[in-house]
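Accompanying notes for the structure given below.
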Amino acid sequence: MGRYFIESDASAKKSQQNDTEQVFNISKSSIKKVKKKNRHKKFKAKGIEYDKKKFKGKERGSADPFPGRKPVDPAKVEKHSRGQAVDVRAVKTLIKKKDLERQEKNIELAAETAARAAEVLLPEEAGYLEGDEDQEFTGRLTQTEIKAAVDPESAAKSFDLKLQEFGPYKCDYTRNGKYLLIGGRKGHVAAFDWTSKALLCEFNAMESVHSVKWLHTHNLFAVAQKKWTYVYDNQGIEIHCVKTMNNMIQLEYLPYHFILAGSSETGNLMWLDVSMGKIIKDTYTKQGRLDVMCQNPRNAVLVCGHSNGTLTMWTPNMQIPAAKMLAHGQAVRGVTVDRSGTYLATSSVDRSIKIWDIRAFKPLHEYKVGHGASQIRFSQRNLLGVSAGNIVQIYKDPTKGEISYPYMKHDTFKTVSQIQFCPYEDVLGIGHGGGFSSILVPGSGEPNFDALEANPYQTTKQRREAEVKMLLDKISPELITIDGDALT
């Protein structure tokens, strides 16, 4: 018997299926997906609700007891100022008047910004010796008294090397002030870390040594010997013999140009490019023996003093002096330029010391000392070191006004041959006939250093990177000129 489809039967079957419970199978992977999705949902932070009744009637700015910017000390602003402002009332043109007003505002803002940055970036301050009621004259203080008053680490920086058999000695510090190089007239040469007294190298050149100079790092140094100039590494191994630089008696290194400059007994000035190993210029000055020479740190110009009392300034781009002036009535015995390249100090056998403004080539001050100063040197903080015979005197702020007495005084065993201030340290190195002496001079070194310029705590990796960067930033010798502003 056949079966027929009835609609009532179909509706009854559907109602039975709806009444039954449905079952779903959920895997572990689907559960993990849902949890991961909920975990990465963005969280909407709710604002903090304040009680409006509590703060009713009070303004937000009234809660600050010190409104506005922090005031700056006017003395610090004056230190970074660029001189007296221009009087715009005398300007007739309206456009020029507005330009000058805008320029003066920018200069004032720059001085204020520099003063604010100095509080954070330059936290250290230089200290000086100050006399009390019992002893107002600081020049009477001896090194023994100073060493007893400072900490043991600073006291260890004052020492004496007794090397009477090989003197008199020449000395030189690296740019960061960490390493010291000494050379005796009878051939003794030594390089060492003068703070830890760790010796790098020591040898005898077996001929007379007239001058020593570090190059761009402590790995290389130059020695002007009896006939030729030699370059050694920090192990004392001879690297080069520069026969074209013969009979040199003074050496200067120009760090931004990678140039070793030297003056000879015959009156020649030579500039040697140490990065390429070739002579840039050989100039015959026609001024006789050139035993008085220094460099201007600002523009790398060489300044030479002569026996007829004149000063000449030389660049490798000119065959004649770039500038020449009469400094003294008698022979010039010492010359030095300060760190900023603004002031020049000269000494003569007539017992006079003159301070010059290089920008105007005019004398500012003139002093008389007990003896003719043979060696003079500016420190980083513009202390002036003067040596005459076996006496070394240090004068404080000789460029600002008249001075009547020395800031410090020190006596050595034999005649002083060279003095050199250590960068970033309150130390003065003295080379003399009996060896080498290191004395403490509070306030001579710059307390804040630029790690990208000269880092006393430089590691080996930093030294390698700095050497490559210096080579990339090398300045061409054609840009050496007296007027540095003409290049800008």
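What you see is a predicted model, and the numbers here were worked out from it, not measured in a lab.
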Sidechain-backbone polar pair: [X] side chain, [Y] backbone, donor-acceptor under 3.5 Å:
X      : Y      : result
Glu453 : Asp450 : no
Thr285 : Gly267 : yes
Asn382 : Phe378 : no
Ser348 : Ser352 : no
Ser387 : Val392 : no
Arg175 : Pro423 : no
Thr113 : Leu109 : yes
Thr138 : Leu129 : no
Asn317 : Ile480 : yes
Ser158 : Ala155 : no

Taking C-beta and beyond as the side chain, do [X] and [Y] meet within less than 4.5 Å on heavy atoms?
X      : Y      : result
Thr346 : Leu311 : yes
Leu440 : Gln143 : yes
Val274 : Leu220 : no
Pro398 : Ile353 : no
Met408 : Ile146 : yes
Leu344 : Phe361 : no
Val427 : Ser444 : no
Ile182 : Leu180 : yes

Inset, instruction - Give the intermediate values and the outcome of side-chain contact (heavy atoms from CB on, under 4.5 Å) for residues Asp473 and Lys469. - result: CA-CA 6 Å; Asp473 296 340; Lys469 187 177 183 301; 2.9 Å; yes
Does [atom1] belonging to [X] count more than 12 external heavy atoms closer than 6.0 Å?
X      : atom1 : value
Met276 : CE    : yes
Phe159 : CZ    : yes
Lys368 : NZ    : yes
Lys400 : NZ    : no
Glu78  : CD    : no
Arg289 : CZ    : yes

Ignoring hydrogens and angles, state whether a donor on the side chain of [X] or [Y] is under 3.5 Å from an acceptor on the partner side chain.
X      : Y      : value
Asn176 : Thr174 : yes
Thr310 : Lys324 : no
Asn234 : Asn219 : yes
His210 : Gln225 : no
Tyr128 : Glu130 : no

Do you know which two heavy atoms are closest between [X] and [Y], and how far apart they sit?
X      : Y      : value
Ile376 : Ala345 : CD1-O, 3.2 Å
Ile482 : Ala323 : CD1-CB, 3.7 Å
Phe137 : Pro406 : CE1-O, 3.6 Å
Thr481 : Val301 : O-CG2, 3.8 Å
Gly187 : Val209 : CA-CG2, 3.9 Å
Ala454 : Pro456 : O-CD, 3.5 Å

Inset, instruction - Hey, could you give me each pair passing side-chain hydrogen bond (donor to acceptor under 3.5 Å, both in side chains) that has a residue in residues 411-424? Not counting sequence neighbours. - result: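 Non-adjacent pairs meeting side-chain hydrogen bond (donor to acceptor under 3.5 Å, both in side chains): zero.
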Inset, instruction - Kindly state whether the ring of His432 and the ring of Phe413 have centres lying under 6.0 angstrom apart. - result: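 Between Phe413 and His432, which both carry aromatic rings, the centre distance is not below 6.0 Å.
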Legend entry - Ring centroid separation Tyr232 to Phe203 under 6.0 Å: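 Under 6.0 Å, so yes.
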Inset, instruction - Take Leu200 and Gln235 through the side-chain contact (heavy atoms from CB on, under 4.5 Å) test and state the conclusion after the steps. - result: CA-CA 6 Å; Leu200 294 179; Gln235 302 298 321; over 6 Å; no
Inset, instruction - Mind running side-chain contact (heavy atoms from CB on, under 4.5 Å) on Trp228 and Val223 for me, showing each step along the way? - result: CA-CA 9 Å; Trp228 298 317; Val223 180; over 6 Å; no
Inset, instruction - May I ask you to establish whether Lys178 and Tyr457 are in a cation-pi arrangement, using a distance under 6.0 Å from NZ or CZ to the six-membered ring centre and at most 45° from the ring axis? - result: no
Legend entry - NZ or CZ of Lys354 within 45° of Tyr367 ring axis and under 6.0 Å: no
Listing, residues 236-255 side-chain donor-acceptor contacts under 3.5 Å, not counting sequence neighbours, or none:
unit_1: Gln250; atom_1: NE2; unit_2: Asp291; atom_2: O; d: 3.2
unit_1: Glu252; atom_1: OE1; unit_2: Gln295; atom_2: NE2; d: 3.3

Inset, instruction - Dump the intermediate steps for salt bridge (Lys or Arg N to Asp or Glu O under 4.0 Å) on Asp273 and Lys278, then the final yes or no. - result: CA-CA 6 Å; Asp273 192 332; Lys278 72 173 185 177; over 6 Å; no
Inset, instruction - Could you walk me through whether Trp314 and Thr283 pass the side-chain hydrogen bond (donor to acceptor under 3.5 Å, both in side chains) test, one step at a time? - result: CA-CA 9 Å; Trp314 299 86; Thr283 303; over 6 Å; no
Inset, instruction - Starting from the C-alpha separation in whole Å, work towards a yes-or-no answer on side-chain hydrogen bond (donor to acceptor under 3.5 Å, both in side chains) for Lys474 and Ser275. - result: CA-CA 10 Å; Lys474 175 187 172 184; Ser275 63; 2.7 Å; yes
Legend entry - Lys281 NZ to Leu272 CG distance, which is reported to the nearest 0.5 Å: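 The CG atom of Leu272 is 15.0 Å from NZ of Lys281, to the nearest 0.5 Å.
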Inset, instruction - Have a look at Tyr407 and tell me which of Asp397, Leu383, Leu384, Leu141 forms a side chain to side chain contact (heavy atoms under 4.5 Å, CB included) with it. - result: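 It is Leu383; the other options fail the test.
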Inset, instruction - List the steps and the verdict of side-chain contact (heavy atoms from CB on, under 4.5 Å) for Val386 and Gln375. - result: CA-CA 6 Å; Val386 178; Gln375 297 288 333; over 6 Å; no
Inset, instruction - Check the pair Tyr173 / Tyr179 against ring-ring contact (aromatic ring centres under 6.0 Å, His included), numbers first and verdict last. - result: CA-CA 6 Å; Tyr173 290 96; Tyr179 296 95; over 10 Å; no
Legend entry - Glu207 vs Lys186, salt bridge (Lys or Arg N to Asp or Glu O under 4.0 Å): CA-CA, chis, key distance, verdict: CA-CA 6 Å; Glu207 58 182 2; Lys186 297 180 181 178; over 6 Å; no
Inset, instruction - Could you label the plane-to-plane angle of the Trp214 and Phe221 rings as parallel, tilted or perpendicular, counting under 30° as parallel and over 60° as perpendicular? - result: perpendicular
